[in-house]
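Since the structure comes first, as structure tokens, the remarks are kept for the end.
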Amino acid sequence: MGILVVADSGVAAAVTEAVRRREARFEVEAVRTATAGLDVLGSADAGSDFDCVVSAADAGESDALDFLAAVRKRDAGLPFFVVAGGEPEMTASDALDAGVTDYVQAQDAEGYDELAVRVERAVAASNRRPVDPSLVYERVFEQILEGACLYDRDGRFVLVSDYLAGFYGTTPAELEGERSLLVETIREERPGDPYQRLLDGEADCLEGETELTTPDGESRILSYRFAPLRVAGEVVGVIAVSRDVTERQEREQKLKRAREEYQELIDGMNDTVWVLGLDDQIRTVNETAVELLGYSREELLSMTVHDIDAGLSNDEISALISQMPTDGTQVFETVHRAKDGREIPVEISSSLVTYRGETVVLSVARDITTRKRYEAELREQNRLLETQRDELAVLNQVVRHDVRNDLQLVTAYAELLGEHIADEEAREFVEIVRKRANHAVELTETARDMAEMMSSRGVENETVRLRPVLESELASLRDMAPDATVTVESEIPPVAVLADDMLGSVFRNLLTNAVQHTDKDEPSVELSVSESEAKDRVVVRVADDGRGIPDERKETVFAKDEKGLESRGTGLGLYLVQSLVETYGGDVWVEDNDPCGSVFAVELRTADDGQADSDQSSPTRS
């Protein structure tokens with residue numbers, strides 16, 4: 001009796017020693033390759049002397065299964081074993097499906113002793129008689145951690161692995177002889193009785209997935225693979241390997257739902273969303289990108305980001321992707337080109353994320369066409385505003401210097417002329433000229449203040465000490481109207497307010513207005529200052545004894561071009577007062593004076609206590 005071993009010297013020696021320890025009557029011949037093994041088996045003298053072949057998984061220049069096919073062509077009933085050591089190069093199910101007699105993993109002497117036992121059983125059972133499946137697969141099934149079993153031709157369990165028995169909540173012995181629920185389910189689900197086709201040799205395998213209900217009522221999903229068991233060329237049963245893939249299916253379903261929800265989420269965004277590989281290839285996009293750019297989804301997924309970006313060079317795009325921060329967001333502006341050639345300015349916010357197991361760039365691109373248009377319009381408006389300010393400055397220069405200087409000359413010469421005219425009526429005419437010239441000077445000051453206010457809009461308020469401003473304007477009023485009685489109700493408190501260097505213009509207009517709008521030869525003007533209880537506001541009141549302002553005009557008296565009855569003014573003075581006070585965050589209104597006249601009240605915000613008044617005057621325009 002002989003055994004042919006096809007393996008390297010180490011495996012051959014281990015097999016020889018193990019066989020001889022079991023049965024000295026076996027003769028062992030070893031060769032290194034399948035080709036050499038076939039030559040030995042083909043020899044007329046030696047071929048019939050071998051009762052078994054033992055092959056390493058790697059049989060020289062070919063694998064053991066190719067070697068098996070060649071051996072079966074010569075002798076279909078010759079027992080054929082595959083022995084594997086270390087990391088298996090093929091699975092037990094692959095080997096058994098191919099028709100090997102047995103598959104053994106042997107890494108030490110104990111493993112090779114097991115191989116010798118199985119060889120002995122196979123040789124003893126061969127003698128051209130049908131192989132007892134229990135001798136062939138019993139030990140294999142004990143080692144397989146899958147739902148492995150052997151069915152007979154009727155679909156009953158012959159051998160069952162412990163793993164599969166555990167799935168049914170029972171033992172292998174209790175399952176043997178029982179009909180397989182899996183076989184019956186497959187026969188019901190699939191047309192043409194696929195199990196019978198295996199038995200009839202019409203199919204080499206049967207595989208798929210199905211849902212089974214275990215005895216305890218739990219629904220599970222099984223992945224299965226059936227292959228016919230052939231002995232001496234005859235199909236005597238079916239080898240089946242199944243695996244519980246319920247959790248895997250659930251994970252896949254959850255992942256699928258998550259992807260669908262993710263896609264629905266990004267499709268619902270008004271911005272375009274792009275998932276870009278680090279190779280610049282577009283991985284996925286949302287529906288907004290498809291609609292905005294005019295490409296189909298399939299077209300976009302076949303493109304790179306370079307194909308749609310019209311605002312950056314290829315090197316700049318690649319640099320942005322390669323330099324993406326690992327824990328932050330990258331924001332920049334560029335231009336996307338649509339399929340029809342339209343160029344769309346966009347602001348892109350990008351970050352690194354994981355998508356389907358791959359590190360990618362998630363970019364959200366917002367269409368900023370409207371914003372860009374507004375920015376362009378704003379730049380044009382600013383340019384026009386700068387031009388207007390320059391022109392206003394020129395006009396202000398003319399009013400302040402040329403016109404005002406000429407008017408002051410008219411006033412001076414009118415005064416000189418009045419001194420040399422004896423005729424009383426003529427002197428009255430000269431006085432009218434002088435008053436009108438003085439009034440024109442006042443108008444130039446108002447026009448100057450209006451120009452300054454318009455050119456300084458948007459400038460931040462600053463701290464201005466109130467007392468020096470009021471004292472300066474009161475002194476100017478006394479010089480301008482020496483016949484007027486100007487009094488201060490009490491000492492002006494040392495407070496600082498939020499304003500600018502035009503604060504003096506507010507009180508100059510109110511004080512001048514108080515002496516001009518009266519029919520008295522010697523008008524009276526009284527100024528008072530009071531603070532709020534919280535010390536955060538101060539109110540300055542200018543009271544006159546003139547004609548007063550009717551209630552129906554108290555709200556409109558500050559409007560542009562609004563003039564009082566018999567007023568010689570332009571209506572701009574009080575409008576200037578209100579405009580300036582509003583820029584300071586304050587308020588201005590009119591009250592009735594007792595017994596006659598009006599009171600103009602100006603409320604201003606106070607500055608910090610540390611910035612209060614001192615003995616030094618605050619420079620303001622006068």
Problem set entry | Rounded distance (nearest 0.5 Å) linking atom OG of Ser242 with atom CZ of Arg225 | 13.0 Å
For this session: Please report the C-alpha distance between Ile321 and Val305 in whole Å, then the side-chain angles of each, then the deciding distance to 0.1 Å, and finally whether the side-chain contact (heavy atoms from CB on, under 4.5 Å) criterion is met.
Result: CA-CA 10 Å; Ile321 292 178; Val305 65; 4.2 Å; yes
Problem set entry | Arg118 side chain vs Asp113 backbone, donor-acceptor pair below 3.5 Å | no
For this session: With sequence neighbours excluded, tell me which residues meet ring pair (Phe, Tyr, Trp, His ring centres under 6.0 Å) with Tyr224.
Result: Phe226
For this session: Spell out, as yes or no, whether a donor-acceptor pair under 3.5 Å connects the side chain of Asp8 to the backbone of Gly10.
Result: yes
For this session: Please report the shortest heavy-atom distance between Val160 and Leu175, naming the atom on each side.
Result: CG1-CD1, 3.8 Å
Exercise. Can you name the nearest heavy-atom pair linking Thr101 to Ala122, along with the distance?
Worked result: CG2-CB, 4.2 Å
Exercise. Where do Glu176 and Leu159 land on the side-chain contact (heavy atoms from CB on, under 4.5 Å) test, with the steps shown first?
Worked result: CA-CA 6 Å; Glu176 291 174 5; Leu159 286 178; 4.2 Å; yes
Problem set entry | Rounded distance [0.5 Å steps], CG in Asp152 versus OG in Ser180 | 10.5 Å
Exercise. Within a strict 4.5 Å, meaning less than it, do heavy atoms of the Val285 and Val273 side chains meet?
Worked result: no
Problem set entry | Greater than 12 external heavy atoms within 6.0 Å of Asp340's CG | yes
Exercise. Is Ser318 reaching over with its side chain to a backbone N or O of Asp315, donor-acceptor style, under 3.5 angstrom?
Worked result: no
Exercise. Is the shortest heavy-atom distance from the side chain of Leu206 to the side chain of Ile186 under 4.5 Å?
Worked result: yes
Exercise. Does any non-hydrogen side-chain atom of Val183 lie less than 4.5 Å from one of Tyr151?
Worked result: yes
For this session: Any chance you could lay out the side-chain contact (heavy atoms from CB on, under 4.5 Å) test for Ile3 and Phe50, step after step, and finish with the verdict?
Result: CA-CA 5 Å; Ile3 299 175; Phe50 292 101; 5.7 Å; no
For this session: Taking all heavy atoms of Asp94 and all of Leu65, pick out the closest pair and write down the distance.
Result: O-CD1, 4.3 Å
Exercise. Under 4.0 Å between a Lys/Arg side-chain N and an Asp/Glu carboxylate O for Glu343 and Arg337?
Worked result: yes
Exercise. Does a side-chain N-to-carboxylate-O contact under 4.0 Å join Glu375 and Arg371?
Worked result: yes
For this session: Using a strict 4.0 Å threshold on nitrogen-to-oxygen distance, state whether Arg297 and Glu291 make a salt bridge.
Result: no
Exercise. Do Ser349 and Gln330 come close enough that some side-chain heavy atom pair is under 4.5 Å?
Worked result: no
For this session: Report yes if some heavy atom in the side chain of Ile348 is under 4.5 Å from a heavy atom in the side chain of Trp274; otherwise report no.
Result: no
Exercise. Just by modelled atom types, is the Asn314 backbone N or O under 3.5 Å from a matching donor or acceptor in the Asp309 side chain?
Worked result: no
Exercise. Hey, is CD on Glu247 packed in by over 12 heavy atoms from elsewhere, all under 6.0 Å?
Worked result: no
Problem set entry | From Asp108 atom CG to Glu114 atom CD, the distance as rounded to the nearest 0.5 Å | 11.0 Å
Exercise. Is there a donor-acceptor pair under 3.5 Å between the side chain of Gln323 and the backbone N or O of Leu320?
Worked result: no
Problem set entry | Residue list, ring pair (Phe, Tyr, Trp, His ring centres under 6.0 Å) with Phe80, at least two apart or on another chain | Phe67
For this session: Before accepting this row, confirm whether a basic side-chain N of the pair Glu380/Arg383 lies closer than 4.0 Å to the acidic partner's carboxylate O.
Result: yes
For this session: Heavy atoms only: give me the nearest Asp244-Leu222 pair and the separation to one decimal.
Result: CA-CD2, 3.7 Å
Exercise. What distance separates Lys73 NZ from Leu68 CG, expressed to the nearest 0.5 Å?
Worked result: 11.0 Å
For this session: Find the distance between CG (Asp367) and OG1 (Thr288) and round it off to the nearest 0.5 Å.
Result: 11.0 Å
Exercise. Is a donor on one side and an acceptor on the other found under 3.5 Å between the side chain of Gln281 and the backbone of Met303?
Worked result: yes
For this session: Report yes if the side chains of Thr284 and Tyr355 come closer than 4.5 Å at any heavy-atom pair, otherwise no.
Result: yes
For this session: For a side-chain contact (heavy atoms from CB on, under 4.5 Å) with Leu212, tell me which candidate from Thr246, Leu182, Ile221 qualifies.
Result: Leu182
Exercise. If you count the non-hydrogen atoms of other residues, nucleotides and ligands that lie under 6.0 Å from OH in Tyr374, is the total more than 12?
Worked result: no
Seminar exercise, completed: When every non-hydrogen atom of Thr359 is compared with those of Leu352, the smallest separation belongs to CG2-CD2, 4.3 Å
Problem set entry | Arg220 with Glu218: basic N within carboxylate O range, under 4.0 Å | yes
Problem set entry | Test item: Phe157 and Leu164 side chains (from C-beta on) under 4.5 Å apart, heavy atoms | yes
For this session: Answer yes or no: is there a donor N or O on one side and an acceptor on the other, between the side chain of Arg342 and the main chain of Leu292, under 3.5 Å?
Result: yes
Seminar exercise, completed: In terms of heavy-atom contacts, Pro172 and Asp162 come closest through CG-OD1, 3.1 Å
Exercise. Is Arg366 salt-bridged to Glu333, going by a charged N under 4.0 Å from an acidic O?
Worked result: no
For this session: Check whether any side-chain heavy atom of Val82 lies under 4.5 Å from a side-chain heavy atom of Asp102, and answer yes or no.
Result: no
Problem set entry | CD-SG distance between Glu120 and Cys52, expressed to the nearest 0.5 angstrom | 11.5 Å
Exercise. Within the side chain of Gln196, is there an N or O that forms a donor-acceptor pair under 3.5 Å with the backbone of Asp193?
Worked result: no
Exercise. Just by modelled atom types, is the Ala64 backbone N or O under 3.5 Å from a matching donor or acceptor in the Ser55 side chain?
Worked result: no
For this session: Given side-chain contact (heavy atoms from CB on, under 4.5 Å), test Val238 with Leu150 step by step and report yes or no.
Result: CA-CA 6 Å; Val238 172; Leu150 176 63; 6.0 Å; no
Exercise. Is Asp75 reaching over with its side chain to a backbone N or O of Arg72, donor-acceptor style, under 3.5 angstrom?
Worked result: no
